[in-house]
Number of protein chains: 2
Amino acid sequence: MFLSSYANAHQVAKAALFKEAESLHGLFSRQPIEHLAVGQSLFFEGDEAKHVFEVVEGTLRIFRILSDGRRVITGFLYAGDIVGVSLKERYLYSAEAITPTKIRRIARKTFDEAVSDSDDLRPEIFSRVCDEMAAVQDQLVLLSSKTAEERLCTFLLKLLQRTIAAGNRDTTLELPMTRQDMADYLGLTIETVSRTITKLIGKGVVNVVNPAARHFIKIEKPGMLAQLAGDDSECPEMHRDLMVQGDRRHH
Amino acid sequence: MFLSSYANAHQVAKAALFKEAESLHGLFSRQPIEHLAVGQSLFFEGDEAKHVFEVVEGTLRIFRILSDGRRVITGFLYAGDIVGVSLKERYLYSAEAITPTKIRRIARKTFDEAVSDSDDLRPEIFSRVCDEMAAVQDQLVLLSSKTAEERLCTFLLKLLQRTIAAGNRDTTLELPMTRQDMADYLGLTIETVSRTITKLIGKGVVNVVNPAARHFIKIEKPGMLAQLAGDDSECPEMHRDLMVQGDRRHH
DNA sequence: CGTCCGTTTGACTCATCTCAAATTTGGTGG
DNA sequence: CCACCAAATTTGAGATGAGTCAAACGGACG
């Protein structure tokens, strides 16, 4: 079952009966909540991957430090996310709380057994791993060919979609991370992030909200933001149709 | 068992008994071989993900085309690789033969069932998905913070490791892909790739082999290549130890 | 009120991109 | 085997987006 994305009717019924035991969230819900202070680490790159974590509340950054001291943030974790699944022996990155955070943990061994025993858990895990893979690939596209403005807009757009999906009608985003975090995530410098935001404000696309300013950004023109983000859903279609041997396009 | 990376003794014995049925390669080996000509597509981004493929021989590129015509190559596939696993409904990228290629295919449905029924297949799949995830993350680090020279060296180094792992003692690499492919993979332009190779030749690190030149590169100084690649195995250690709140380093 | 930290702004530099042309390679047909 | 063409690659010269270094700004907090 690991590979099929959706449960069939029978499984849905079964899942309803044993809800607590048969969903990932249920699996974690038995564990005690642990608290992380701002800046506190959940685990370090290279540590033996002994646990799987569920983020109950808060935001974390996951990152690597390069030999020359540069930091690359490979993602952020929000409430509901699960970390530590698609790993073998060791964590491939460090994880650190950006805000006060609550988490639950399960020993990998326990987690593995539970997942291997449950026909309901496997598709859920699989689905999440697929989403993670898709996200990393999008990030790869962003880093390999987008301009600073496109990167920022893509980032803000994704956050916007997340809050909209969460049922929020207001287009004001909270950015729990610092400008430096955004820079390290987007492959830019802090100065470029700052300048680009200023430019977007100038265009009327976004606006900084008064109070706890800088960490709250209002999206004034979501449509234009999507435009500027530049992934007008790519375009494999034209590729398929116009495919002639040597029509390689410029970089 | 999906989540444990290594089979235990019992499973190894069992796998030996039913080898053909209990390994991924075995699963594919019953399927007929299909041939792809150079430039021919295996599938397109957005297509319904109906099959899983094993590359028997040859090299493919997997890529996306952006709305403005730019192409981002997210990876290459070599003999022994399997494509199409970590997907839900649709392929996230197109796949195209770089050299004459032989593949085998299995319907996703069949594949999923086989994997779900076998305690031996799941860890193998899981292991491969983990490797894929690790590779994408490395690529992400490369794109977000490495210079042109570091990117090229990282790329060549990885190819070198692959051929060494394959038991090859010669340090001459075959580069089946074009310079444009390398550029699109490394987030550079073809001109920068070309210039950087020229520079590496100037330093005596690599050399272009005479005959089918350009597609065969000899690594003259593997050690220096590794140096220039720049991932002296990162350094989370110092981070863990010297962790003081505000010591963020420059980008 | 003054210090600290994160952020913004400014001025200048540089790696990489762009545009353009020269060169090499591989294939094709005479 | 050679002339020739098309594609791939290399090389050159100039443009530029983002980086670097440095300074100013602003809110938070004791």
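Chain naming here is simple, since letters A, B, ... match the order of the sequence lines and numbering starts at 1 in each.
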Starting from [atom2] on [N], measure out to [atom1] on [X] and report it in whole angstrom.
X: A:His215; N: D:dA28; atom1: NE2; atom2: P; value: 11 Å
X: B:Asp184; N: D:dA8; atom1: CG; atom2: C1'; value: 14 Å
X: B:Glu149; N: C:dA15; atom1: CD; atom2: C1'; value: 12 Å
X: B:Gln180; N: C:dT25; atom1: CD; atom2: P; value: 20 Å
X: A:Phe216; N: C:dT7; atom1: CZ; atom2: C1'; value: 17 Å
X: B:Leu152; N: D:dT9; atom1: CG; atom2: C1'; value: 14 Å
X: A:Ile201; N: C:dT7; atom1: CD1; atom2: C1'; value: 12 Å
X: A:Ile190; N: C:dT9; atom1: CD1; atom2: C1'; value: 12 Å

* Asked: How long is the gap from OG1 on A:Thr99 to NE2 on A:His215, to the nearest 0.5 Å?
  -> 11.5 Å
Whether [X] contacts [N] is assessed here as follows: a side-chain N or O lying under 4.0 Å from the phosphate OP1 or OP2. Is that the case?
X: B:Arg179; N: D:dT10; result: yes
X: B:Thr189; N: C:dT16; result: no
X: A:Arg214; N: C:dT8; result: yes
X: A:Ser194; N: C:dT7; result: no

* Asked: Checking side-chain hydrogen bond (donor to acceptor under 3.5 Å, both in side chains) against B:Asp184, which of B:Arg71, B:Arg179, B:Arg64 comes through?
  ->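 So, applying the side-chain hydrogen bond (donor to acceptor under 3.5 Å, both in side chains) to B:Asp184 and each of B:Arg71, B:Arg179, B:Arg64, only B:Arg71 qualifies.
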* Nucleotide nearest A:Thr198 (side chain, heavy atoms from C-beta), chosen from D:dT10, C:dT8, C:dT18 ->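 Between D:dT10, C:dT8, C:dT18, the one nearest the side chain of A:Thr198 would be C:dT8.
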* So A:Phe53 and A:Tyr91, would you call those rings parallel, tilted or perpendicular, with 30° and 60° as cut-offs? ->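 Answer is tilted, since the angle falls between 30° and 60°.
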* Asked: Hey, what's the ring geometry for B:Phe76 with B:Phe155, parallel, tilted or perpendicular (30° and 60° as the breaks)?
  -> tilted
* To do: Test B:Lys88 against A:Asp131 for salt bridge (Lys or Arg N to Asp or Glu O under 4.0 Å), laying out the working first.
  => CA-CA 9 Å; B:Lys88 296 182 173 178; A:Asp131 289 342; 2.9 Å; yes
* To do: For A:Glu191 and for A:Thr147, locate the closest nucleotide of DNA chain D by heavy-atom distance; then report the residue assigned to the nucleotide nearer the 5' terminus.
  =>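 In this pair, the answer is A:Thr147.
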* Asked: Does B:Arg195 or B:Thr178 map to a spot on DNA chain D nearer the 5' end, using the closest nucleotide for each?
  -> B:Thr178
* First encountered from the 5' end of DNA chain C, between B:Lys199 and A:Met177 ->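 Checking each residue's closest nucleotide, the 5'-ward one belongs to A:Met177.
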